[in-house]
4 protein chains.
Amino acid sequence: MAKNHEQKKEKIIEAAGIVFSKKGFHQAKMDEIAEMAKVAKGTLYYNYSSKSKLFAATVTQGLNRIMEAIEENIESDLPFQEHFHGILSTLIRLYISNSEVTRIYANEMSSGIDDEVLVEIKNVRKKFNAFIETQLKLGQEKGYFRPLPPHLSAMAVIGIIDTLCSHYLEDPEHDTLEEITDTVYTILSKGLAQI
Amino acid sequence: MAKNHEQKKEKIIEAAGIVFSKKGFHQAKMDEIAEMAKVAKGTLYYNYSSKSKLFAATVTQGLNRIMEAIEENIESDLPFQEHFHGILSTLIRLYISNSEVTRIYANEMSSGIDDEVLVEIKNVRKKFNAFIETQLKLGQEKGYFRPLPPHLSAMAVIGIIDTLCSHYLEDPEHDTLEEITDTVYTILSKGLAQI
Amino acid sequence: MAKNHEQKKEKIIEAAGIVFSKKGFHQAKMDEIAEMAKVAKGTLYYNYSSKSKLFAATVTQGLNRIMEAIEENIESDLPFQEHFHGILSTLIRLYISNSEVTRIYANEMSSGIDDEVLVEIKNVRKKFNAFIETQLKLGQEKGYFRPLPPHLSAMAVIGIIDTLCSHYLEDPEHDTLEEITDTVYTILSKGLAQI
Amino acid sequence: MAKNHEQKKEKIIEAAGIVFSKKGFHQAKMDEIAEMAKVAKGTLYYNYSSKSKLFAATVTQGLNRIMEAIEENIESDLPFQEHFHGILSTLIRLYISNSEVTRIYANEMSSGIDDEVLVEIKNVRKKFNAFIETQLKLGQEKGYFRPLPPHLSAMAVIGIIDTLCSHYLEDPEHDTLEEITDTVYTILSKGLAQI
DNA sequence: TATGAATGAGTATTCATTCAT
DNA sequence: TATGAATGAATACTCATTCAT
C-alpha cells in the first residue's frame, strides 16, 4: 500500500502547514498536528523523526511547490516590462494562496530549531532568493533595470511582497489584491517619486 | 532610594531586550533574563507581573525611544528629496543600532502572547506606521510622490528596510551600510527601472 | 492493554486519596502523589488534566463507593428503630474505614479549587445529604421521628458523625467504636435529656 | 504611643481574621492581610514573627473573646432546661457573629502549620471543649442528662452547631436562626424520635 | 517602629519524544 | 506500519521571609 502510505505523509504535511502557520514553530504542538491529520501522535514520529524535521519538510515542500508554480506561470517571451509585472503578480497570487507556507517563511526562521534543520530551510530560502535575483540580473542585462546590487534588490522585492501580503492576509477586506499588486509593481518599477 | 529602584528596572529591560531579540518571545527564558540582569527571578516579577508584560514594556519603551530619536534627527527645511533621504538614512541607522528591539518588532508579533499585551504592542506599531504614512502624504501633497495608497506605501517602506537591515545584521561583513541605504533610497524614490 | 491502564488510573486515585486526606488539597503535592502511585508526574496529567480534576475524581469515586456500600448494607425490613441504628452503625463503620475520603469531605471544601470542580464535588455531597434526608423523612412518615426540618436534621446527623469519627481517627485508643456508635445513636434518637 | 501601637496590632488581627476565614490558612496571603490592615507587609512581621504565629494569635484571641462572651451571657440561676437552651442559643449567636474565627476553627486545623503553633491552637480548642463538657457534666449531676461519655457528648454538641451554622452562613436566606436554634435544641435535648 | 523592594526555594503544568504492543 | 500510554526535563509564576533604610 505504498500509495496509502504516501497519502498519509501528505495528510501530515498538510496538517503541519496549517498548524505551523497559525501558531509558529514553538507554539505548534505535535498533538494538534496529529489530531488535525487524523493520525496518532506516534505516526508523526514514525514518518518524521522530530518536530524540527517535520517543520523542515513542511517548509521545503511548500516552497518548492511555489517555485514550480512560478516557473510554470512565467511567460518569458513578453516585453520585459510585462514579463516583470507577470512575475510579481504571480508571486503575490501564490503568496496569498499558499499562506500557510509563506507565513512560516516570513515569521519563523528564528532560533530554537536544530541547526541542521535550520540550514536546510535556509537553503530553500536561498534558492528562492536566487530565482528573484536571476530575474533582476536579466532585467539589468537587458538594460531595463538600474545596476543596483542584485541580491539587495531581490531582498527588497521579497520584503515588499512579504509585508504587503501579510497585511492583506491579516485583513483581506481592507484592500483589494489589485491595489496590492499595482502598488508593488509601481514602487518597484518606477519608485515613489514622480518625474 | 527611588533612583536605585529605577536603575534596577532599567537593567531588567535592557537584559530583556537582549534575550528577547536573540531568542524570540517563546524561547526566551525568565531565568536567563534574570541572570543577565543580575537580579533574582522574583525581582522580575516584582517589577513586571508576567513575561508578557515584561515583553510589552521592552518593545514599547524601545520603539518609543526610536521614534523620539527619529524626530530629533529629522531636518524638515531641506528640499524634499534630501529630507526623504535623511529620514531613510536615520531609520536605517536607528534600526541597526537598536537591533535588540527592531528584531523583536520584525519577528515576534506572532501568537501566544496575552491578547491584552498584544494590543498594546500593536498600538505602538500603528504609531510607527502612522509616522511613515504622514511623511509620505507630505511628499504627495508637495507633488513629489505619486498618488499611491499611503498606508500601503508606508508598509512597503518598512518592509524594505526591515528585510535589508535584517540581512545586514545577519552578516555585517557582506554589505556596507551605505550600499544598503543607497539601494533602499534608489528603489523607493526612483524604482528599479531606468528611464 | 486496557486492563493495565485502568489499574494505573486506580493506583493514582488510591495514592491521591491518601495524600489529599493527609495533607489537604493545597498542601498535597503532585510530586508526592506521583511518587506514592509509582508513576511519573506526567502520567498524573495524562489521566487527570489538573490537580483539581484529580481531587474531584478522588472525592467523587470515594463517596460513590461509600454510598453504594451503605445501600448494600441496609436491611429495610427491620423495625424502624433497628433500621435507623443499622444505618448509623454502617455510616460510622464506613466513615472510619474510608477515612482517606471522608477526611477530605470533612475538611477540604474550602476555596481555591476551580469553581467547575467545586460544583462537581458539591453535587456528590448533595446526593449524600439527600440520602440521609430521605431516611429521616421515612422516619417522620412512619411517625417515629418528630416533624423537624429534614434537611437540618440530616446535617445534624452528618455533623455529629463527622465530629465524633474525626475524633476517633485522631486517637483510636481513646474510645471504642461501640461507645461512639452508642453515643451517636442515643443522642440522635433520644437526645441528651432523660425522661 | 503605646496606644497607637496596640491599635495597629488590633487592626492586623482583625484583617487576619477576615482573610484567614475567607481563604483558609494556606490560601491566605500575607500581602492581602497587609493590604486589608492598611500596613506594610514588613509591619506584619514586625509584630508577629511568622504567618503561623499570626494565625495562632488570630484564633486564640478570637476564641477567648467568644468564651468570655459566653460566660457573660449565661444566667445560671434558671431551671436547667432553660439554662441549656440559653447556652445553645448564645453559642449559635456568637458562632454566627464571629464567623471569621469560627470558620477557621471548623476548617483549618489541618496540617502544614508549625507544630508549636498547632499545639497552641489545640489548647484553646480543648479549653472550649472543656467548657461545654463542664456544662454537660453539670446536667448529668443534676439528673437532667443521661450518663453518656461527656467528652463525646460535648463533641456532638459542637459538631451539630458547627455544621448547622456553617450551613446557615453559606446561605442565610434559606433558614432562619430560630429554626436552626430550635432544631439544635430539640435534637440535643429530646432526640429525633418522639415518645 | 515601620517600610517595601528584593529574594529564591518551591510547584503545577506542558509537551517532545519513546516504546511496548 | 501504526498506535497512544507513559515519561520527565523544562519553565512560568508564587509568596513567606528578610533587611537596608
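Just so we're on the same page: letters track the sequence lines, and every chain starts at 1. Atoms considered below: every heavy atom in the structure, side chains included; atoms not considered: hydrogens, waters and symmetry mates.
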Checklist entry - Rounded to the nearest 0.5 Å, what separation is found between the CE atom of D/M30 and the CG atom of D/L44? => result 4.5 Å
Checklist outcome for this item: Against the side chain of A/Y46, the closest entry in F/dA12, E/dT1, F/dT1 is F/dT1
Next on the checklist: Just the rounded figure in Å: distance from P of F/dA16 to NZ of D/K23.
Outcome noted: 11 Å
Checklist outcome for this item: Secondary structure of DNA chain F per the Watson-Crick/G-U criterion (both distances under 3.5 Å; [ ] crossing, | other strand, . unpaired) is .||||||||||||||||||||
Next on the checklist: At less than 4.0 Å, is any side-chain N or O atom of C/N47 found next to OP1 or OP2 of F/dA6? Yes or no.
Outcome noted: yes
Next on the checklist: Rounding to an integer number of Å, can you tell me how far D/H26 NE2 sits from E/dG10 C1'?
Outcome noted: 14 Å
Checklist entry - Taking all atoms of both residues into account, what is the closest heavy-atom pair of B/A15 and B/I33, and its distance? => result CB-O, 3.8 Å
Checklist outcome for this item: Between the CD atom in A/E32 and the CD1 atom in A/I18, the distance rounded to the nearest 0.5 Å is 10.0 Å
Checklist entry - With nearest nucleotides of DNA chain F determined for D/D31 and C/V39 from heavy-atom distances, which residue corresponds to the more 5′ nucleotide? => result C/V39
Next on the checklist: Quick one: does any side-chain atom of D/T43 pair with a main-chain N or O of D/Y46 as donor and acceptor, under 3.5 Å?
Outcome noted: no
Checklist entry - Between A/K51 (NZ) and E/dT14 (P), how many Å, whole number? => result 15 Å
Checklist entry - Taking the side chain of C/K29 as heavy atoms from C-beta outward, which of E/dT18, F/dA12, E/dA12 is closest to it? => result E/dA12
Next on the checklist: Check the orientation of B/F25 and B/F20. Use parallel for under 30°, tilted for 30 to 60°, and perpendicular for over 60°.
Outcome noted: parallel
Checklist entry - Which of the following nucleotides, E/dT17, E/dT14, F/dA2, is nearest to the side chain of A/K8? => result F/dA2
Next on the checklist: Do D/K9 and D/Y48 form a cation-pi contact, if we require the NZ or CZ to be under 6.0 Å from the six-membered ring centre and within 45 degrees of the ring's axis?
Outcome noted: yes
Checklist entry - Think B/H5 has a side-chain N or O under 4.0 angstrom from the OP1 or OP2 of E/dA6? => result yes
Checklist entry - If you check the B/Y45 side chain, which of F/dC13, F/dG8, F/dA16 turns out closest? => result F/dC13
Next on the checklist: What contact category does B/A34 fall into here, base, sugar-phosphate, or nothing, at under 4.0 angstrom with non-hydrogen atoms?
Outcome noted: nothing
Item to check | D/Y48 OH - E/dA2 P separation (whole Å) | outcome: 12 Å
Item to check | B/T43 side chain, from C-beta outward: closest of E/dA6, F/dT1, E/dA2 | outcome: E/dA6
Checklist entry - Could a donor-acceptor pair under 3.5 angstrom be found where the side chain of C/K41 meets the base of E/dT13? => result yes
